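Chain naming here is simple, since letters A, B, ... match the order of the sequence lines and numbering starts at 1 in each. Everything numeric here is computed off the predicted structure, so don't read it as measured data.
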2 protein chains.
Amino acid sequence: MTENEITLALIQSLKDGRAQDFQHILDELQPYDVAVQYRHLPEKHRERFLLHLTVRQLTELMQELHRNDQVRLLERMSVDQSTKVLDLMDNDDLVSLLSDLEPTMIEELLSRMNREESSYIQKTMNYPPETAGRIMNNRYVWIPRHYTIREAIDKIRDFAEIAEYLNYLYVVDDDKKLLGVVSYKDLILGELDEQIDDVMYTRVVKVDALTDQEEAAAIIGRYDFITLPVVDTENRLLGIITVDDVIDVVLQEANEDIEKLSASGKSIDFQTPPFVAAYRRLPWLILLLFIGLISGGIISRFEDTLQTVVALAFFMPMIAGMTGNTGTHSLAVVVRGLVGQQPDKKGTFKLILRELWVGIIIGVTCAVLILLIAYIWQGSLVLGMVVGSSLLLTLIIGTLAGTIIPLILYRLKIDPAVASGPLITTINDIFSLLIYFGLASLFISRLM
Amino acid sequence: MTENEITLALIQSLKDGRAQDFQHILDELQPYDVAVQYRHLPEKHRERFLLHLTVRQLTELMQELHRNDQVRLLERMSVDQSTKVLDLMDNDDLVSLLSDLEPTMIEELLSRMNREESSYIQKTMNYPPETAGRIMNNRYVWIPRHYTIREAIDKIRDFAEIAEYLNYLYVVDDDKKLLGVVSYKDLILGELDEQIDDVMYTRVVKVDALTDQEEAAAIIGRYDFITLPVVDTENRLLGIITVDDVIDVVLQEANEDIEKLSASGKSIDFQTPPFVAAYRRLPWLILLLFIGLISGGIISRFEDTLQTVVALAFFMPMIAGMTGNTGTHSLAVVVRGLVGQQPDKKGTFKLILRELWVGIIIGVTCAVLILLIAYIWQGSLVLGMVVGSSLLLTLIIGTLAGTIIPLILYRLKIDPAVASGPLITTINDIFSLLIYFGLASLFISRLM
C-alpha cells in the first residue's frame, strides 16, 4: 500500500467506526510513518484519529512530530492523557520539548508527572544546552556485579519494553557508581551460571555529563557504540546517550558550522517564521555592513589613485571575491578537520606549511592568468602586473589567515567557526585592498 | 592509566618479551584505542608490536587506521596474514579501502581471499560510489520463516561472533527474498516455541542497492534503526547498512555540502598533500576569477559614472558582500533543509514567500541604516538614497535567488548545492552592480 492508500484506508475505518481495522493498519506502521499519516490527515479527521490511539501510540506520535505540532497535540490532549504521555516519552525528547516552552507551563506539566520521571527530567534540564547531560536518557538496564548471566537475561526480559536499546548492560555498585559494561553478545556467548563480574569489561568508555555533545557524538562515532554511559564527577551512572540522538547531533553541529562559516547567525529552517528569521540574520548583516564600510574607508583613502586610473575598480570585485573564497575555504577545511581529530604541534605546523604551499601554487597560477587577461583587456602591462602581483599576495595571505586564525582560536578554546568567519573576511578585505591600491599607488605614474 | 602510561607499559612488555602482559593490556583496549597506541608508537617498536597481534587484533587495527596507514600496514604483513585479515574485515571497510588501490593490486588481493567473501566484495564494488549497495555489509543473521524463537536464538548464538549488530534478524525465503524482520526484543519477549512467522514484522523498511547513501542514512535517522536491509530489484536481501556507517555518511555529506556551498571543489582534509589540494581548488578559483571579471566588465560599462562620482566605489564592497552573504545564506537554509524533508508545492510556495518577507525586512532595515551612514559620511542625501535603495533591492533579489534557484535545481534532480554556489554569486554580483550603477547613472546630475 502506498502512503495515500493508507491514508484513505485510515479515514475510511475512522468514518465507519471500525476501531479494530484502524488498529490493524497502525500495527504495521513505524512511529515515523504514523506521524506522516497524522500530518497528511485533513484537520477534520484528526480529532477522531487521536481518540483511537492508545497512550503508547500517542507517545510515539508525539516523539515524531515537529515542535509546533507537538505543542498543538499537547494542547489537544486531556490533562490525564498528556500526563501519561509525558511519563512515557523518552527523557531526551521530553527535555528538548520542554526547553522550548514557557517556565510556568514546564512547571505545571512536571508537577503532574510521575515523581521519579519528573525529577530526572528536572535534573537533566539543569545541565547546560549542548552537553552530554542534556541529551542523555534513563532508558537503560543496570545490574549489580554479583548477578549471574541468567539473572541478567531475566532483568533484560523485564525491562525490554522500556529500554531503548539492549546492546549493553551497565554494571553498577550500591552507590550507582559505574563498574563495568556487559554487551549482549557476551551474555549470549557466556554460560548461564557465570557471574557478571567475570565477563564484564571494566575499562568503560564514558563521558562526564558536562562534556560537549559534539565530543560525546565523536566518541560514539569513533568506537561504533550504540549507547554511551554518562557519569557525574563521582563516576555515578546518570544516563546513556544513544546513537540515534548522535545522528541528530552530528547533523545539528554540521548545520551550525555551515551557519557560522557563512556568517548567518542562529539556526533557521523551513519552519522558522519570517520575522524570527530576519531577526536572527540581521545582527550578522549589520556587522557585515560595517565590515563593508571598512573596505569603503580604505578605498576612499585611495580616492586620488582611483580617480586617476578608474580601471582599477574593474578588478576590485575579482580580487575581493577570490581572497574571500580562499580564506573561507581554508577556514572550512580547518573547522571540519577539527571535528574528527586534534592535531599536535607537529601536525599543526605541517598543516600551515601545506596551506602556504597551496597559497603559493594557486596564487602563481591565478596571477599569471589575470596578468594576461588584464594586459589583453586594458592594454597595460603595468596594470596587469599590479593586478597579478596583488592577487598573488592576497591569495597567499588569504589561505594563511584562513588556516592560522581558526587554529589559534581552537588553542584558546574558542569555537573556531563562530569567531573566524567575519574576522577572516574583514582581515582579507583589508589586506587585499591595501595591497592592491598600495601597489597601484606606487606605480601610479606608469599606470596613467 | 593514561594513554601515555599505556604506551610505556606496552613498549616495556614488548622489550621484555612478556607476550602475556602485552595481551593483557590489549584486552582492555577498544580497537580505536589500539589504533591510537599504534600510531603513537615509535617506528622501531611497531614491527614487534604487529608480531604480537592475533589475526583478529590485526583486523581490528586495520579497520581503525587512516587510509595511508592502512596501505602501509598491508605492505608490512605477510601474504598469509594479509589474506586472513582481508577475509575477516567488515566488507564495507574493505570495499572502501580497495576503492583507493590500483586495479592490479585489487585483483591480486581479491584472488587470494576466501571465494565467498571476495565475490561479495566484487559485487559490492560494482555498485556506483555513494549508493546503499556500496556501503552495505554481509554481517547480518538471516532465518527462514518456519524457525521457532528457540531456533532463532540458537542461530544468533552461532553467529554472534561474526554479526556486527544483533538488534534485528531478517526473515527470508528460499530465494533470499526478504519476508520480514524480527527484533531482538521480540525474541526476548516471545515464547520459545512460537514461530518466527507469527512474531515477524512484514512491512519491512528497506532500500534498493542503488539508493543514494544520503537517502539511506536519512531513513536510518528517521526510524532510529540500528541496521537497514538492502535489497535488489527482486526484493532479494543483499546486505545491511549499519548505523555507525551512517554517522560517517552524515559527516561526509555535510562536509560535501560545505565544500559545495563555499565553492571549493573536491574534498580536502588535513592529510591531503599541497599539490593535490591546490589542484582540487584551482578549477573553482579560476571559475571565480572569471565571475569576478564579469563584475569588472559591468563596472567598466559605467566607467563615466564612476569617474564622475568616485565615491560610488566606496560602497561597492559593502553592497557586493551583503548581497553575496544573503544569497549564500538562503541557499544554505534550503540545501540543509532538503536533507531532512522534501517540501510539497504548498510548502515550497510558503518558503519562497517567507524568504521574500525576510528579504524585505532585512532590506528595509539595512537600507535605512546605510542611507544615514552614507549621508553623514559623504554629505550627500542623494548618494545615501542611491546606496540605500540599491541595497534594499539587491537584498531582496539576493534572498529570493538563494531560495528559488536551489529549489528549481532540486526539482530538476540536480544536487542544489553543487550548481548553485557560483551560480548565485554570479547572478547576485551582476544584479547588484547593475542596480547600483543603474540607479547612480539615473541620478548622476544630482550626485555631482
Which portion of A:Glu64 sits near chain B, non-hydrogen atoms under 4.5 angstrom: side chain

Whether A:Gln307 side chain and B:Gln307 backbone form a donor-acceptor pair below 3.5 Å: yes

A:Phe314 side chain reached by B:Arg301 side chain, heavy atoms, under 4.5 Å: no

Side-chain heavy atoms of B:Tyr223 within contact of A:Asp33, under 4.5 Å: yes

Is any side-chain heavy atom of B:Cys366 closer than 4.5 Å to a side-chain heavy atom of A:Leu282? yes

Taking side chain as C-beta onward, heavy atoms only, is B:Arg281 less than 4.5 Å from A:Thr326? yes

Which atoms of B:Val276 are under 4.5 Å from chain A, going by heavy atoms: the side chain, the backbone, both sets, or neither? neither

So which part of B:Ser183 gets closer than 4.5 Å to some heavy atom of chain A, the side chain, the backbone, both or neither? neither

Point-to-point distance, once rounded to the nearest 0.5 Å, from CZ of A:Arg203 to CG of B:Asp27: 12.5 Å

Contact class of A:Ser432 relative to chain B, heavy atoms under 4.5 angstrom: neither

Engaged part of B:Thr308 at the chain A interface, taking heavy atoms whose separation is under 4.5 Å: neither

Smallest heavy-atom separation, B:Trp377 atom then A:Ser300 atom, equals CZ2-OG, 3.9 Å

The interface call for B:Leu391 against chain A, heavy-atom contacts under 4.5 Å, is side chain

Which atoms of B:Thr365 are under 4.5 Å from chain A, going by heavy atoms: the side chain, the backbone, both sets, or neither? side chain

Is there a side-chain contact between A:Ile373 and B:Phe290 (heavy atoms, below 4.5 Å)? yes

Side chain / backbone / both / neither for B:Asp224 at chain A, heavy atoms under 4.5 Å: both

Kindly compute the distance separating CZ (B:Arg222) from CD (A:Gln30), expressed to the nearest 0.5 Å. 12.0 Å

When only pairs under 4.5 Å are counted, which of A:Val205, A:Thr202, A:Ile360 shares the most heavy-atom pairs with chain B? A:Thr202

Interface check, chain B: of A:Leu351, A:Leu356, A:Ile286, A:Leu395, most non-hydrogen pairs under 4.5 Å belong to A:Leu351

Of the non-hydrogen atoms in A:Ile188 and B:Arg157, which two are nearest, and what is the gap between them? O-NE, 3.1 Å

Could you tell me which portion of B:Glu355 (side chain, backbone, both or neither) has an atom closer than 4.5 angstrom to a non-hydrogen atom of chain A? side chain

Correct closest heavy-atom pair for A:Pro274 and B:Val358 would be O-CG2, 3.6 Å

Best-contacting candidate, A:Trp357, A:Tyr201, A:Phe275, against chain B by heavy atom pairs under 4.5 angstrom: A:Tyr201

Identify which of B:Val310, B:Leu251, B:Ile220 forms the greatest number of heavy-atom pairs closer than 4.5 Å to chain A. B:Val310

Top contributor to chain B contacts, counting heavy-atom pairs under 4.5 Å, from A:Asp248, A:Ile319, A:Ile294, A:Val334: A:Val334

Mind checking whether A:Leu285 and B:His329 have side chains closer than 4.5 Å, heavy atoms only? no

Contact between B:Pro317 and A:Ile299 at the side-chain level, heavy atoms closer than 4.5 Å - yes or no? yes

Pick one of side chain, backbone, both or neither for B:Tyr279, based on which atoms fall under 4.5 Å of a heavy atom in chain A. neither

Is B:Leu289 in contact with chain A via its backbone, its side chain, both, or neither, using a 4.5 Å heavy-atom distance? both

Looking only at heavy atoms and a cut-off of under 4.5 Å, which of B:Ile247, B:Ile362, B:Val246, B:Asp245 has the most pairs with chain A? B:Ile362

If you look at every heavy atom in B:Ala313 and A:Met316, which pair is closest and at what distance? O-CE, 4.2 Å

B:Leu369 portion near chain A, given a 4.5 angstrom heavy-atom threshold: side chain

Most contact-rich option vs chain A, by heavy-atom pairs under 4.5 angstrom, among B:Ile153, B:Ile226, B:Leu433, B:Leu306, is B:Ile226

Go through the atoms of B:Thr242 and report whether side chain, backbone, both or neither lie under 4.5 Å from a heavy atom of chain A. neither

Check whether any side-chain heavy atom of B:Asp244 sits under 4.5 Å from a side-chain heavy atom of A:Val243, and report yes or no. no

